[in-house]
Amino acid sequence: MKRNDKVIIWSFFILLWIIMAFFYLRVHPLVIWDTDDWGNISLVRKPYPDRSAWNPSKVFPEIFMKLCAWIGVKCIMPLSNDFIGALTLVFGLVVSFFIAMYGTCFVLFLYTKFNFEVYKASLVGIFFILFHFLIFDTSEGGNLYLLYSSSVTGYFHYVIPSLLNLILLMLLEIENLHKCNALKKGGIFLLIYLAIFSNLFCSYILMFWAVFKIFKKFFDNQKNLRNILYEEIDKFGIIVVWGISAIYELNGARADSLKNDNFIGNIVSAGKLFVIRFGKLNTFFVVLSIVIIVFGNICIFLNKEKVSFLLECLIFIMINAIYLVLLSAKTTAEYIDRPDVLIGCFFWILMFVMVNMVVIIQNTDKIILTIPIILFVLFFDIPCGYSTFAESNASGIDSSIVKEIDNDFIRQIISAVDGNKDRLELHIPETPGDNWPFVSEASNCFSHSLYTYGIINREIETVYVRDRSINEKYNFVY
């Protein structure tokens, strides 16, 4: 890669990280709220699959979330004396870093795979990221976006693992693993281990890619399958490790708690919700995508390489959609309607659109003159204010209110511990759900996390008292 190309790539990464950090730190901060968030910041688990764990194979998200929380408390909190603020800062920087890496790997993918000039690839990369925020941006769909989750836990358990799997997929597409030095290869193997042992709603991304590549090579070269498996031992390894993770997860405690006797009915429900989600797509996104695809297909018929890749995209869209419907039916049908669950499937939809855009630019050089105008319209069609996209918490309330109520919880717990109480009646706001976002069975998670990080010197038994005055005090309206 030329020096100027490296400068553009690094500039793209840094600028995207800054912009995403602003979004996740100032516009829609990631503030812990529900009992999942409070419990997971102090969760201790083994760094390998553990049958006795609630989520046996969720190694990466559960370890990584606690690690980030620990960094926030140990490195940021001493400077700010703000427990919630320290966590929010680290969480926002980490999520924005993964998005920046994801966007940069996409640019590198276009640059390497399609011999696309790096500055043009960067322009398409901007489209790619903006489409993530435009795609679900409708009032009917709740003003969501593809990189949205309704909790901090959701970002660590769904968004980040999905991005890691997609980053690895793009890197393995353009990087010959057999030619890497031992250190680089070891690092990639570690990332693959973390990507697979993350979440079945995310790890399938890498697994299906590996399966497809093996079978494609088999049908293209008509070689003995055993020889191909030997040549593609890394991809075969991904499939085997994923199978192990699936066995652990599907036989774990959480999977048992979600078992139901209406699998066929759930398939129908999940399928309907998946189709309905398409009906909630942003109109501008749909129109612009159709225009790009139509013009791209007009230009593409002479380019067999890109035709082949676009067909791969369509195959992945279909396979991933079927898998997500089946997995949602096995757990909870409503999962299929979550943006953070759909990242892997919609990635291929966006890839299909973006590759068509690449074809148009490569075949019609002067079309590049219209790109800045389209980007301008696209950027300002996506609302950029402070009350536009959905808030990243289960109650959908402003992050500043979440932080104030969190600090109220902390003050109540510290006061009870300092007063040598053995039991605390924690006053929490009234919420629409009887047991969510504050699960009664997990009421001790607040004091446990504060004790873990040295905010209090002992744990205290906690029970909830739903108190309307908390709602009024902090203007918490639901």
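Values below: every heavy atom of this structure, side chains too, minus hydrogens, waters and symmetry copies.
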For residues 407-421, please give each side-chain donor-acceptor pair under 3.5 Å, one per line with the distance, not counting sequence neighbours.
from	atom 1	to	atom 2	distance (Å)
Asn407	ND2	Lys403	O	3.3
Asp408	OD1	Gln412	NE2	2.7
Asp408	OD2	Tyr474	OH	2.5
Arg411	NH2	Tyr474	OH	3.2
Gln412	OE1	His427	N	2.8
Gln412	NE2	His427	O	3.1

Just list the side-chain donor-acceptor pairs under 3.5 Å for residues 195-206, sequence neighbours left out, or say none.
from	atom 1	to	atom 2	distance (Å)
Ser198	OG	Ala195	O	2.6
Asn199	OD1	Phe201	N	2.9
Asn199	ND2	His157	O	2.7
Ser203	OG	Asn199	O	3.1
Ser203	OG	Trp242	NE1	3.0
Tyr204	OH	Cys345	N	3.4

Distance-only criterion, 3.5 Å: show the donor-acceptor pairs between side-chain atoms of residues 283-294 and protein atoms not counting sequence neighbours.
from	atom 1	to	atom 2	distance (Å)
Ser289	OG	Phe285	O	2.7

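By the side-chain contact (heavy atoms from CB on, under 4.5 Å) test, Ser42 is found to be paired with His448, Ser449, Thr452, Tyr453, residues two or more places apart in sequence or in another chain being considered. Evaluation of the side-chain hydrogen bond (donor to acceptor under 3.5 Å, both in side chains) rule for Ser400 yields Asp398 as partners, not counting sequence neighbours. Partners of Tyr48 by side-chain contact (heavy atoms from CB on, under 4.5 Å), not counting sequence neighbours, listed by chain and number: Lys46, Tyr193. The side-chain hydrogen bond (donor to acceptor under 3.5 Å, both in side chains) search around Thr332 returns none, not counting sequence neighbours. When the side-chain contact (heavy atoms from CB on, under 4.5 Å) test is applied to Leu146, the partners found at least two apart in sequence or on another chain are His132, Ile135, Phe136, Ile343, Phe346, Leu350. Take Glu461 and apply the side-chain contact (heavy atoms from CB on, under 4.5 Å) test, not counting sequence neighbours, and it matches Arg423, Asn444. Annotation: side-chain hydrogen bond (donor to acceptor under 3.5 Å, both in side chains) contacts of Asn282 (sequence neighbours excluded): none.
Lys235 NZ: more than 12 foreign heavy atoms inside a 6.0 Å radius.
Listed by first then second residue, pairs satisfying side-chain hydrogen bond (donor to acceptor under 3.5 Å, both in side chains) with a partner in residues 335-358 read Ser149-Asp340, Arg254-Tyr335, Arg277-Asp337, Asn297-Asn356, Arg338-Asp340, not counting sequence neighbours. Pairs engaging residues 251-275 under the ring-ring contact (aromatic ring centres under 6.0 Å, His included) rule: Phe274-Phe278 [sequence neighbours left out].
A 4.5 Å side-chain heavy-atom check between Glu472 and Asp467 finds every atom pair outside the cut-off. A heavy-atom distance below 4.5 Å is found between the side chains of Phe109 and Met351. Lys272 is not listed as a side-chain neighbour of Val275, based on a closest heavy-atom distance of 4.5 Å or more.
If you take CD1 on Ile405 and CD1 on Ile84, they are separated by 11.5 Å, rounding to the nearest 0.5 Å. How far CE of Met65 is from CG of Asp36: 8.5 Å, rounded to the nearest 0.5 Å. Distance OG1/Thr153 to OH/Tyr158: 10.0 Å, rounded to 0.5 Å. The structure places CG of Asp34 at 11.0 Å from CH2 of Trp38, a figure rounded to the nearest 0.5 Å. Here Tyr148 contributes atom OH and Phe389 contributes atom CZ; the two are 12.0 Å apart, rounded to the nearest 0.5 Å.
Residues Phe23 and Tyr145 place their aromatic rings such that the two centres sit under 6.0 Å apart. In this structure, the ring of Tyr24 has its center less than 6.0 angstrom from the ring center of Tyr155. For an aromatic pair to be called close, the ring centres must be under 6.0 Å apart, and Phe128 with Tyr102 satisfies this. Aromatic ring centres of Phe316 and Phe208 lie farther apart than the 6.0 Å criterion allows.
Side-chain atoms of Asn393 and Ser395 form no donor-acceptor pair, as typed in the model, at a separation below 3.5 Å.
A salt bridge does not link Arg466 with Glu430: none of the charged nitrogens is closer than 4.0 Å to a carboxylate oxygen. In summary, Lys213 and Glu312 engage in a salt bridge, as defined by a charged side-chain N under 4.0 Å from a carboxylate O.
Arg45 contributes a side-chain N or O that, together with a main-chain N or O of Asn55, makes up a donor-acceptor pair within less than 3.5 Å.
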